[in-house]
**Student:** 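Before we start, here is the structure in question, set down as structure tokens.
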Amino acid sequence: MPEPGPHHHAGGALDSPATDALLRTGRFFTRRDTSADLRAVYREGGREGDVFYRDRWSHDKVVRSTHGVNCTGSCSWKVYVKDGIITWETQQTDYPSVGPDSPEYEPRGCPRGAAFSWYTYSPTRVRYPYARGVLVDMYREAKARLGDPVEAWAEITGDPDKRRRYQSARGKGGHVRVSWDEAVEIVAAAHVHTIRAYGPDRIAGFSPIPAMSMVSHAVGSRFIELIGGAMTSFYDWYADLPVASPQVFGDQTDVPESGDWWNATYLVMWGSNVPVTRTPDAHWMAEARYKGQKVVVVSPDYADNTKFADTWLPAQPGTDGALAMAMGHVVLKEFFVERRVPFFVDYVRRYTDLPFLVTLDARDGGYVPGKFLTAADLGEEDEGAAWRTVLLDGRTGEPVVPNGSLGFRYTESGVGRWNLDLGEVSPQLTLLGSSDVAEVLLPRFDAIDGSGGVLCRGVPARRVAGRLVTTVFDLMLAQYGVHREGLPGTWPSGYEDAAEPYTPAWQEPITSVPAEQVVGVAREMARNAEESDGRTMIIMGAGICQWFHGDATYRAVLALLMLTGSMGRNGGGWAHYVGQEKCRPATGWATMAMATDWQRPPRQMIGTAYWYTHTDQWRYDGYRADALASPLGSGRFAGMHTIDTLALATRLGWMPSYPQFDRNPLDVADEAQAAGPDVAAHVAGRLRDGRLRFAIEDPDAPANWPRCLTLWRANLLGSSAKGDEYFLKHLLGTHNNLMAEQTPPDRRPRDVSWPDGDPPEGKLDLLLSLDFRMTSSTLLSDVVLPAATWYEKHDLNTTDMHPFVHAFNPAIDLPFESRTDFDAFHAIARRFSELARTHLGVRHDVVAVPLQHDTPGETAQPGGRVLDWRAGECEPVPGRTMPNFVLVERDYPAVADKLASLGPLLDRLGMTTKAVTYQPDEELRYLAAKNGVMLGGAGDGRPAIDTDAKLAEAILALSATTNGRLAVQGFRQLERRTGQRLADLAEGSEEKRITFADTQARPVPVITSPEWSGSETGGRRYAPFTVNTERLKPWHTLTGRMHFLLDHDWMHEMGEALPLYRTPLDMHKLFGEPTPGEVRDGASVTVRYLTPHSKWSIHSEYQDNLFMLALSRGGPVVWMSVPDAAGIGVADNDWVEAVNRNGVLVARAVVTHRLPPGMVFVYHAQERVVNVPRSEATGRRGGIHNSLTRILVKPTHLIGGYAQLSFAFNYLGPTGNQRDEVTVIRRRTSQEVRY
Amino acid sequence: MKVMAQLGMVMNLDKCIGCHTCSVTCKQAWTNRAGVEYVWFNNVETRPGQGYPRRYQDQEKWRGGWVRNRRGRLTLKAGGRLRKLLSIFANPVLPNIRDYYEPWTYDYQNLTSAPLGDDFPVAAPKSLLTGEPMAIEWGANWDDDLGGAPEHGPADPIVQRLRRECEDKVRFDYERAFMFFLPRICEHCLNPSCVASCPSGAMYKRVEDGIVLVDQDQCRGWRMCVTGCPYKKVYFNHRTGKAEKCTFCYPRVEVGLPTVCSETCVGRLRYIGLFLYDADRVTQAASVADEHDLYQAQLDILLDPTDPEVIAGARAEGIPEDWLDAARRSPVYRLAKEYRVALPLHPEFRTMPMVWYIPPLSPVVERLTETGHDGERAGNLFGAIDALRIPVEYLAELFTAGDPEPVRRVLRTLAAMRSYLRDITLERPADESIPAEVGMTGGQLTELYRLLAIAKYEDRY
């Protein structure tokens, strides 16, 4: 090749000939190669200068672990360690393959996870045990004088001045280092004293989302349950629980893994910002588009996922129910009436309650829907008749009682018949053509202030067994306003009729989505489902779930999927991703966490009601319980305050309530045992005659306060505490920014005591937290224990987003004085047991237990009729018309031994999950051999679970998802009840027992199990309810099918028997807040206050992380629209304050055109610990995002004792919804802030 | 022909979710240390937006890259090499810390150590440079997700240019909102202006794989490279006084691991592979007169690794057989050259960048449905590429020196792929007219789909 020179540079040249000459000379002085055209210098060898980066990359080992944060990621990570120091982390890529024609789960992880190792050595790390200095001084003095920890604690907390002194110091600094021994002793003494003086049910634990680190959760929960304390729920409290799920499916929540998005051919993301909140899964959404999947986004803002959408429906916040109802209108009209799509019709007849008969009750010259017609109405008298629903056989026109309803689930006669096999029966969907018609009155709530109106629309009807009935399907058409010839009433004239619900034109002024777009999307999604056999999927998120009426919205959205045959399909159905609920090894975890191997039942409390009551938020309610009732209701809530509904739900056995009685339940047990053998009857009698009361009837009496609260794996007070300032004031008794007015006298409770004067401040004697970083919760805690991080312990992790179980492992030895949660609780339990020997001994406890879902208790109150024994409407019968009362032995000195060993109840009673009982006989032998047995003490000879790794082993061995033998065993049991073939789903996996070592080596896919409703058999992607649709196993509901209609008295009372739209709460009408959009003096504007999840944190975790702060705005911010900001003179990055009656938030503004006016985003869990100045409004430190919210209890969430509307822990209960709130925003007068 | 090997990267912006995991893992691995607090070898920019450092694309201000002089020769924008050498002690044009951002931390210790006071302890911000309390006013990613965009977006150099043509092109109002993300690392250019700027000879391009590095022993801290790089991907370590930059993770790629940013990309949108190129034609390609021809010129010097002549040339240059094999299996070659869906970033800087991008397609249909079209139909989509929410002109300014045609072609190809595959997914007969519209066969479109969607680990790297 000729050497090109400057004079014949065919290949182009640089600069000028003079430069060429210079460079040509220069290259002889270096060791490098210069390119022929003198453009570049190449070099080989001589790279000593590179060694820096090679050194930096080198490491000694890589350890598999993950992050126990409730983000649903469940990502397996490589943690790099050099010289005993954790350096950084990157994602594992070794997930088992999804198959050759699909993307894989690798890599899973997000920037938050990638920044985690910062915490290990960060200055916010809790390195040593701390306690409140004021308290420590008093404790040391009292203990030295009295010689006993328990007596010292009793004296301090019994002295109002001393108690006040340390309570009012909470959250104001002043923590001092103490030894582990002293910290543990204070905690143990407080618990012993509380049990002795007030009762064990005055102790509570809060630790959410076991799936994220189930060993750490279980060990603390196990301790709380062993001593008789209450674990408070989290899924409902977080408002992550879609109450519509138990209502419609009879299931807590069951959703597809993200890999199943790949199978969908039409994907709607509705209030779920997938790239931000499901970061490791988002690629499935991006990739499925390349397969031709169509993507629709419903979000008020131009969100991160809107970038991927083919169609964007920018619905106003909180109006999604209107959009869904209008889409339902289109689907019903075009696919069920104008054209009857055979696939859809067949589907709803088999799998939904649409063909079932409903009674019509005369009202105001028309009719209102009543109750499902049952076999009892037909005159059948056998067991379960009142729980067997009825439909008409299309072949004969005669009523039949098909298999599968609840009346077949627990009865002898139902054996082999609890299934969806219709045999020859052809369910009749509509009565149209029968001789009668009835004008039905239906409530509507689309007025801007939320007040109710009445729709009048005809349905075909006929008489069966002397009652006028119609079908749920006919009611649905009436509800949705889909007219058919010959039916009377007021109907929409067409899609363009804006006056009549629920047309596309009607929704347009509400949602601001064009009517034509609604018609187009509804038609498209239904057509897609028709063509693809139900591969239409809707990802549903917190944006539509966490509203007061989120359950109504969800039912309207779910209706679209049920009508189009999309539930129980791979690639179809709902995909609710709010919170990480899926603890896949459910049975093993629950057994360990609830300590049901030693004693039953556990105390499980509905979190929302607990905080509503004990933070005294109930005393600030602005409205009565009937403010939101139906105009067609019968006045059931008249005169009631919301806390009265809670008291009713307690005494009727619907919901748990702890503290339980107005006395120590240990004393009640003594008294009852002395009175005779029937403890429950004795307690019922005492309650009836009023000598014993439920604590909820007088929650502000000091005897009924909670006294000890332990937080671990949680940051209640910096994150989830809706009404945070109420917590500070009333539960903790410290400074706060609360400005709310108490409930005026005319709206105060009917049944619950209202003490004179101000509500109590400082109910809690001890707040204990275990954490590895300083949070609002640790700052407020009396004792803070230094916890191990997620790279410093053994644990297990699962999620709903993928089908694997994988391990945490320690990458380094525990640094500083930190300990694992496991070791901390064992230390507490040991000291507790020592102190209990002299102060408590062996006692008995009476535990009040509500009527539980998936037990015969859910058939206690037929017809969903509310009968109050207190009002004389029925007899107080434990376990029927009221809670059951169960005697439990509390061997307090044995608590530590029991904590460390598997108890004997497993041998006798096995383990029950969703009414399937597993007998772990082989597993107990296996665990005794694998883990060894305990020697001496209460656990003598029992399998050991005295290390975190052994507890993990027990969880895996005792769950059907991780132990094929149990899966087959459970399915065989279900086969007997259903008469359907099921065991084959797990056969072939009998020998498969996932061990902890397996999960340490690599993420392991779980086994198909009766604990869940879908199948992974044969390597398919998990989709919920596929076992129901494919194997005809009923849903756990009244009819055994998915429900459109909920016929409980209270559902009718709230007007929510059928899917409908309810407007967001009018905070002006209910609490006197200004109306959104109101600008005052050009200085403040009232806006909707939305708290979606952030890109830069997972709850409060990572929001203090320096990397996340560097990539965001470096502290709390309020995202505002351009018009709202301009209206009050706010520029980007100005300091603003958001104020309402609940509290104050101080943050900087992010002004963006991504948001429409009328709303702000205050991203979730921006805490007060980083870059939060003092406010101008109060002069005190600004609050957290939940300082502006408060708890609003929806009474229908309290329903119990009735089929799927029955309590189960984290399964059903009032939600801590917070999205209906509004706030006033103003620019700070001074932009100079003071910390 | 002088055949050389070059490691390249392609990022599919159509899949980027803007999560910044790449930035964090890169930072943790490489620049989590004193002197480089403000340095992000990998960063992610929200577009429209100013980028990092602010407005780095404005070469009239920052003087990066090359220009073609009157004689048709390339010369550094900041001045020819001779002039550079003569003016070596003059202050180069450099972004100051405010153009990046002043890095900060917080008084975290206060949370633990605060004595009993009258309110919550708090960790207030303080400068990492001075240790003094500071107000946070700009950051490495200040305009993330269009934050502050109405105020800061109009200063985006691309927005400014487009608005000179038509005021209405990019508007910062809710109805017209659009955004996408642009992750950036060093371009490891074929014609690196940073290397050419270095008076100490400390910057070099590795002969075997083309990675551009700073020799930490040789660097004298003149900072000419910072000026010279038009992407502002060379940084100055204020502690050591030396330049540092993205190393393409050479300690990893040398042992067969992908770069940290690629392996940890949770959107699975990064591809790494080998290009073979004709080193003799680089200057010529970088010197073509019309900026619109630069993309094609760069494509033209990328050599076909299956061409026997190229293989022979490569062997002659001592490129080993396994490298040639890697070049033949290279996903980046397929995306850039075979399917022509990846485009270079700012070819008009004439550095011949080797990190290429697939422009984002979405969202598409909504603007169509407003006008009554069925956006799912491929035919309609092709006609509607200019009505997309993300203006084609904006993308063209990024990837093709303002020429919208190559961008349109890529977007049409992506749209055709979706449309063609939908029929197959729904088990309808495949419509072979769709791939024909974009000059491909159904088989090619399916292959492209597998590479972009299924994208197994071993197929990405």
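Heavy atoms only: backbone and side chains are in, while hydrogens, waters and symmetry mates are out. Lettering follows sequence order; numbering is per chain, from 1.
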**Student:** Contact part of B:Phe181 toward chain A, heavy-atom cut-off under 4.5 Å: side chain, backbone, both or neither?
**Tutor:** both
**Student:** Keeping the roles fixed (side chain from A:Thr124, backbone from B:Tyr108), state whether a donor-acceptor pair exists under 3.5 Å.
**Tutor:** no
**Student:** Is there a donor-acceptor pair under 3.5 Å between the side chain of A:Arg1180 and the backbone N or O of B:Asp119?
**Tutor:** no
**Student:** With a 6.0 Å cut-off on the ring centroids, do B:Phe178 and A:Trp312 count as close?
**Tutor:**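 When the ring centroids of B:Phe178 and A:Trp312 are compared, they turn out to be at least 6.0 Å apart.
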**Student:** Give, as side chain, backbone, both or neither, the part of B:Asp118 having an atom under 4.5 angstrom from any heavy atom of chain A.
**Tutor:** both
**Student:** Nearest 0.5 Å please: distance from the CG atom of A:Leu1109 over to the OG1 atom of B:Thr105.
**Tutor:**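 So the gap between those two atoms works out to 8.5 Å.
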**Student:** Which distance, rounded to the nearest 0.5 Å, do you find between the CE of B:Met179 and the NZ of A:Lys307?
**Tutor:** 8.0 Å
**Student:** Is it true that the NZ or CZ of A:Arg1181 lies under 6.0 Å from the centre of B:Phe120's six-membered ring and within 45 degrees of the ring axis?
**Tutor:**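 Output no; distance or angle outside limits.
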**Student:** So what's closer than 4.5 Å to chain A heavy atoms on B:Cys249: side chain, backbone, both or neither?
**Tutor:**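 When you check distances to chain A, no heavy atom of B:Cys249 falls under 4.5 Å.
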**Student:** Tell me if a side-chain donor or acceptor on A:Arg1154 pairs with a main-chain N or O of B:Asp145 at a distance below 3.5 Å.
**Tutor:**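 Checking the backbone N and O of B:Asp145 against the side chain of A:Arg1154, a donor-acceptor pair under 3.5 Å is found.
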**Student:** Looking only at side-chain N and O atoms, does B:Tyr174 offer a donor or acceptor that is under 3.5 Å from a partner on A:Asp301?
**Tutor:**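 Not at all, the side chains of A:Asp301 and B:Tyr174 share no donor-acceptor pair under 3.5 Å.
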**Student:** Is it true that the side chains of B:Asn32 and A:Arg56 contain a donor and an acceptor less than 3.5 Å apart?
**Tutor:** no
**Student:** Is it true that a side-chain atom of B:Tyr457 and a backbone atom of A:Pro107 form a donor plus acceptor pair closer than 3.5 Å?
**Tutor:** no
**Student:** Can a donor-acceptor pair be found, under 3.5 Å and without considering hydrogens, that links the side chain of B:Tyr106 to the backbone of A:Gly1114?
**Tutor:**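 Side chain of B:Tyr106 to backbone of A:Gly1114, a donor-acceptor pair under 3.5 Å: yes, one is there.
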**Student:** Which heavy atom of A:Leu779 sits nearest a heavy atom of B:Leu111, and at what distance?
**Tutor:**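 That would be CD2-O, 3.3 Å.
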**Student:** Assess, by modelled atom type and distance only, whether the side chains of A:Thr93 and B:Glu263 contain a donor and an acceptor separated by less than 3.5 Å.
**Tutor:** no
**Student:** What distance do B:Leu426 atom CG and A:Asn528 atom CG have between them, rounded to the nearest 0.5 Å?
**Tutor:**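 Interatomic distance, B:Leu426 CG to A:Asn528 CG, rounded to 0.5 Å: 6.0 Å.
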**Student:** Just wondering, do A:Val126 and B:Thr112 contact through their side chains at under 4.5 Å, heavy atoms?
**Tutor:** no
**Student:** Under 4.5 Å from any heavy atom of chain A, what part of B:Arg68 do you find: side chain, backbone, both or neither?
**Tutor:**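 Neither; nothing under 4.5 Å.
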**Student:** Set out, in order, the CA-CA distance, both residues' side-chain angles and the distance that settles salt bridge (charged side-chain N to carboxylate O under 4.0 Å, His left out) for B:Arg268 and A:Glu104, then state yes or no.
**Tutor:** CA-CA 10 Å; B:Arg268 307 168 84 250; A:Glu104 302 286 4; over 6 Å; no
**Student:** Are the side chain of B:Gln28 and the backbone of A:Trp88 linked by a donor-acceptor contact shorter than 3.5 Å?
**Tutor:**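 Pair absent, no side-chain N/O of B:Gln28 close to backbone of A:Trp88.
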**Student:** Can a side-chain donor-acceptor contact be found between A:Tyr53 and B:Glu244 if the only test is distance below 3.5 angstrom?
**Tutor:** yes
**Student:** Which atoms of B:Thr264 are under 4.5 Å from chain A, going by heavy atoms: the side chain, the backbone, both sets, or neither?
**Tutor:** both
**Student:** Using modelled atom types and a 3.5 Å cut-off, is there a donor and acceptor pairing between side-chain atoms of A:Lys291 and backbone atoms of B:Ile424?
**Tutor:**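 Checking the backbone N and O of B:Ile424 against the side chain of A:Lys291, no donor-acceptor pair under 3.5 Å is found.
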**Student:** Does any N or O in the side chain of B:Lys456 come within less than 3.5 Å of the main-chain N or O of A:Ser102, such that one atom is a donor and the other an acceptor?
**Tutor:** yes
**Student:** Give, as side chain, backbone, both or neither, the part of B:Val260 having an atom under 4.5 angstrom from any heavy atom of chain A.
**Tutor:**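 Contact with chain A involves the side chain of B:Val260 alone.
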**Student:** For the interface with chain B, which of A:Ala1125, A:Ala286, A:Gly171, A:Ala282 has the highest count of heavy-atom pairs at distances below 4.5 Å?
**Tutor:** A:Gly171
**Student:** Between A:Arg289 (side chain only) and B:Arg418 (backbone N and O only), is there a donor and an acceptor less than 3.5 Å apart?
**Tutor:**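 Answer holds: no.
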**Student:** Determine whether a donor-acceptor pair (N or O, by modelled atom type, separation under 3.5 Å) exists between the side chain of B:Asp14 and the backbone of A:Phe308.
**Tutor:** no
